[in-house]
Amino acid sequence: GSSPWARTRCSPVQAASPRLGRGRQYSAARLARMSYETADSQKEEFRKYLEKNGIIAHLTRVLVSLYEEPERPANAIDYIKKYLGAPTGVDVEELRAENEELKRQNLELEEKVEGLVKQLQELQADKEEG
């Protein structure tokens with residue numbers, strides 16, 4: 001079986017320690033119970049978050065869809081991504097590099113536009129003077 005400490009954030013040594021902070025004394029059993037309650041409340045909070053945001057419903061639908069497929073897809077992850085609307089077969093690093101290059105080009109063009117606007121303003125000022 002699994003250790004009763006597997007669900008806690010503290011080690012058996014920490015939990016068995018008779019004193020923790022502010023001089024309070026706790027038994028190992030009470031410490032374990034407190035750890036379980038904390039872990040359980042965090043899990044419950046996370047479950048409520050997933051439910052509130054529709055994540056559980058979406059995952060349930062995608063898993064039911066996968067289950068009902070007459071032939072199992074070779075790549076279940078790609079199937080799930082496709083079902084959820086995510087692109088598949090995309091090279092993320094290539095997209096990042098392209099994005100950086102486009103940002104650089106955009107900055108160059110913005111600087112060029114700024115220079116042309118200044119040049120135009122100077123020409124208009126010269127025309128008004130002359």
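Worth saying up front: this structure is predicted, and the values here are computed from it rather than measured.
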K.L.:
Are any side-chain N or O atoms of N99 and backbone N or O atoms of L95, one a donor and one an acceptor, separated by less than 3.5 Å?
P.N.:
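Here the side-chain-to-backbone pair does not exist.
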K.L.:
Any chance you could lay out the side-chain contact (heavy atoms from CB on, under 4.5 Å) test for Q119 and L116, step after step, and finish with the verdict?
P.N.:
CA-CA 5 Å; Q119 186 179 0; L116 290 171; 3.6 Å; yes
K.L.:
Could you grab the distance from atom NZ of K52 to atom CZ of R47, nearest 0.5 Å is fine?
P.N.:
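The distance works out to 13.5 Å.
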K.L.:
As an exercise, state the distance from CG of L59 to CD1 of I80, rounded to the nearest 0.5 Å.
P.N.:
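L59 atom CG to I80 atom CD1 measures 8.0 Å (nearest 0.5 Å).
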K.L.:
Just so I know, are the side chains of K127 and L123 near enough to count as touching, which here means a heavy-atom distance under 4.5 Å?
P.N.:
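The answer is no, as the side chains (C-beta and beyond) never meet within the 4.5 Å cut-off.
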K.L.:
Considering only NZ, NE, NH1 and NH2 on the basic side and carboxylate oxygens on the acidic side, decide whether E108 and R104 come within less than 4.0 Å.
P.N.:
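Here E108 pairs with R104 in a salt bridge, since their nearest N and O are under 4.0 Å apart.
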K.L.:
Are any of the side-chain nitrogens in E100 or K103 under 4.0 Å away from the carboxylate oxygens of its partner?
P.N.:
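Salt bridge present between E100 and K103.
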K.L.:
Once side-chain contact (heavy atoms from CB on, under 4.5 Å) is applied, do any residues pair with E111, and if so which ones, sequence neighbours excluded?
P.N.:
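L107.
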K.L.:
Indicate if L84 and I77 have the same hydrophobic cluster label, given that clusters are the connected sets of ILVMFWY residues with side-chain heavy-atom separations under 4.5 angstrom.
P.N.:
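L84 does not cluster with I77.
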K.L.:
For residues 54-75, which residue pairs qualify under side-chain hydrogen bond (donor to acceptor under 3.5 Å, both in side chains), counting only residues two or more places apart or in two chains?
P.N.:
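Checked against side-chain hydrogen bond (donor to acceptor under 3.5 Å, both in side chains) - neighbours excluded - the pairs reaching residues 54-75 are H58-R61, S65-Y79, E69-Y79, N75-D78.
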K.L.:
Give a yes or no on this: more than 12 heavy atoms of other residues, nucleotides or ligands lie within 6.0 Å of atom CD of Q105.
P.N.:
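Enclosed.
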K.L.:
Tell me whether R96 is salt-bridged to E93, with the criterion being a basic N under 4.0 Å from an acidic carboxylate O.
P.N.:
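The answer is yes: the pair qualifies as a salt bridge.
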